[in-house]
Number of protein chains: 2
Amino acid sequence: MGCIMDTTNLTRKKTSRRVTMEDVGKMAGVSQVTVSRALSDPDKVSAKTLKKITDAIDATGFVPNAIAGALASQKSNLVSALVPSITNIVYSAAVASFSSVMREHGYQVLLSETGFDPADEEAMILTHLSRRPDAVLLTGIHHTAKARKMLLASDIPVVEIWDVTESPIDICVGFSHDKAAAMAAEFAVSNGYGMAATVSASDERAQRRRNAFEMRFAELTGTKVEYAVQCEHASLANGRAGLRALQGQQMTPGTFVFCSSDVLAHGMLIEANAQGLTVPSDVAIMGFGDQEFAAHTEPSLSTVRVDRAKLGSSAAMALLSRFENAVPVAPVNDIGFEIVKRTSA
Amino acid sequence: MGCIMDTTNLTRKKTSRRVTMEDVGKMAGVSQVTVSRALSDPDKVSAKTLKKITDAIDATGFVPNAIAGALASQKSNLVSALVPSITNIVYSAAVASFSSVMREHGYQVLLSETGFDPADEEAMILTHLSRRPDAVLLTGIHHTAKARKMLLASDIPVVEIWDVTESPIDICVGFSHDKAAAMAAEFAVSNGYGMAATVSASDERAQRRRNAFEMRFAELTGTKVEYAVQCEHASLANGRAGLRALQGQQMTPGTFVFCSSDVLAHGMLIEANAQGLTVPSDVAIMGFGDQEFAAHTEPSLSTVRVDRAKLGSSAAMALLSRFENAVPVAPVNDIGFEIVKRTSA
DNA sequence: CTGTTAGCGCGTTCAC
DNA sequence: GTGAACGCGCTAACAG
């Protein structure tokens, strides 16, 4: 008997249960269902019971259990977003506008970093799918075969952002990195540069831009892009080192340097200034991205503008209209880009 | 009859149900529970049935339903993180290290932006709590009374980061902004500066630093901080404008300028260079944060180092050991800061 | 080692 | 306008 009493006490010790709709209903003198209705569709409940319910809700401090709701309704109001890095403003800015639009429509965003490895991404995708998101946002168009398969099997909308492809998993919104870089090469040539170099980060899209730039520049001028440096990631330090590396390659004065990102370009600008070089006459520098600071460096940075806010909101809108499934959503959405000529090149 | 058949067809049209543990079990010739065990505790299942189960899992493409799991076990393996802005690297870096540690321990992070308004934060908190996170991470120590109440009632661990206070909701990990700014003032004085100015963003912590700097500087030198400019947010553009504004206030050459962030300081550096001014003799500039770029500006930036990665991981570890509830967790964790003297001041 | 029985807290029918 | 009954897919006791 003493034993039984002990057990009872231990059970009691479990901190008091969270308040449920049942509890709220009891206090308001109605059933659980009515509480549920009062929250999801207040018009379907009489004014007076509604009042009793809302009173009971803030008397008890009731917080709806979205987990239970999701299980019952088969709708989580959650969307997953997978980006390589959240500390890279280029990705976080797009996600921020994406999240903001989704939130306005009642969705929360479960955000994770995948790094740049598709295998890691695949593992993340599985974890995310287990939370039964109503949609998934992915960065880039390269994913493992198994990832594609899981996504397809999950039967929910998927947007891939930052790139365009003829064969998206479902929807893609982005722009052609090849075209953007090719146009940068055309910009260089039409501004009279006969020599070019590249400094780029090691991620796949940066490499693709670099190649496209080099190819188009050679095509246009007949002269190969002689100087190239590759660095791990985009940082001021790597930009400065990049210019020094190029100089180590005996880069000719007056060369046009295409950087894979504005940050790298900014680093080169700083290094050039520190060395007493004049930009663009000694070195011409072009960035990529048109980040907020690009217009305010000295000299201001010529770059390729990509509308990150639009990227995010377009992705959100695509998903949203996919949920309504009234009108069919275009599978490939090209938001384009824009060459911005300022003073660094 | 025809009517009934139609209805049946419509029902059938609902896309084929997702595969459940029940389905997997059926295929493997075991019950649903055994499947559950096979996944959560493989040792408790015989080798041969385990094999049959794993075979069935990848034959069917089964993806566990974490929603149902969370409802049944009363554990979501989800933690909420609320930050003012995810595009501000200062916050996203801390969250990235936080997430990384949490993920290693099986938790996913539900991240949302709150902006800088406590009322907005309160609304977000409610939404997040409805997902029944196992813990919550908050930025700063100022929250509405209702927010505190909800958090307390939720009875889950809460970490507040970026600041320390004697009365955290639960746990806080950060540093004293007052002390950091006061020490920046001491740095200025001990380096011989007799005049000071401030340029700061409008958020609460930045203002607190500004005030603490001004107070300590006046205390030490007997001369009031004459020049001050405030701007909406930290950006290169606002840093450049800040220097010009200070000049508009007839700031004496050789003044020490304390900026509320490295980005603002970097902007000032650029503006100074553009004007042909020499730093630090014409203007001395100090930043705050020691972001990655601070060592690579020209001249390199003196600043106050805050270890953002440690901030995030400490917060994660505090929560984690709170989950184990073996040893009690210290309610206030001060990770400190460090004055970094480089060449801009 | 495996299966049975109960819920978890809500939404979704249906009755009334 | 309101309630009873059922089920979402899983974990947590138990029993065998």
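Reckoned from all heavy atoms, side chains included, excluding hydrogens, waters and symmetry mates. It should be emphasised that the depicted structure is a prediction, and the values quoted were computed from it without experimental measurement. Below, chains carry the letters A, B, ... as their sequence lines are ordered, and counting in each starts from 1.
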So if I take every side-chain heavy atom of [X] and compare against [options], which nucleotide ends up nearest?
X	options	result
B/Ser31	C/dC10, C/dT4, D/dT11	C/dT4
A/Ala72	C/dT13, C/dG9, D/dG9	C/dG9
A/Phe62	D/dT2, D/dC10, C/dC10	C/dC10
B/Val33	D/dC10, C/dT2, D/dA13	D/dA13
A/Ser73	C/dG11, D/dC10, D/dT2	C/dG11

Gap between atoms [atom1] and [atom2], on [X] and [N] respectively (whole Å):
X	N	atom1	atom2	result
B/Leu71	C/dG9	CG	P	7 Å
A/Lys26	D/dA4	NZ	C1'	15 Å
A/Arg37	C/dG11	CZ	P	11 Å
B/Glu22	D/dT11	CD	C1'	14 Å
B/Met21	D/dT11	CE	C1'	9 Å
B/Asp23	D/dC10	CG	P	9 Å
A/Ile67	C/dG9	CD1	C1'	10 Å
B/Lys52	C/dC1	NZ	P	15 Å

Select base, sugar-phosphate, or nothing to describe what B/Thr49 touches, counting heavy atoms under 4.0 Å on all strands.
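Here B/Thr49 touches the backbone only, sparing every base.
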Over all strands shown, is A/Val45 touching base, sugar-phosphate only, or nothing at heavy-atom distances under 4.0 angstrom?
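Here A/Val45 touches the backbone only, sparing every base.
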Nearest-0.5 Å distance that lies between atom CD in A/Glu204 and atom CD1 in A/Ile141
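Result: 7.0 Å between the selected atoms.
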OP1 or OP2 of [N] less than 4.0 angstrom from a side-chain nitrogen or oxygen of [X], does that happen here?
X	N	value
A/Ser36	C/dC10	no
B/Thr34	C/dG3	yes
A/Gln74	D/dG7	no
A/Gln32	D/dT2	no

Check this for me: does the side-chain of A/Arg132 come within 3.5 Å of the base of D/dG9 through a donor and an acceptor?
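Such a pair does not exist between side chain and base.
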Within the modelled atom types, does a donor on one side and an acceptor on the other bring the side chain of A/Arg17 and the base of C/dG9 under 3.5 Å apart?
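Check fails, no donor-acceptor contact within cut-off.
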Along DNA chain D (nearest heavy atom to each residue), the more 5'-positioned of A/Asp43 and B/Asn65:
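Upstream on the strand: A/Asp43.
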Are any non-hydrogen side-chain atoms of [X] and [Y] less than 4.5 angstrom apart?
X	Y	result
B/Tyr107	B/Leu319	no
A/Ile169	A/Val136	no
A/His143	A/Pro118	no
A/Val173	A/Val159	yes

Is the closest side-chain donor-acceptor distance between A/Glu121 and A/His142 under 3.5 Å?
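Result is no, nothing qualifies.
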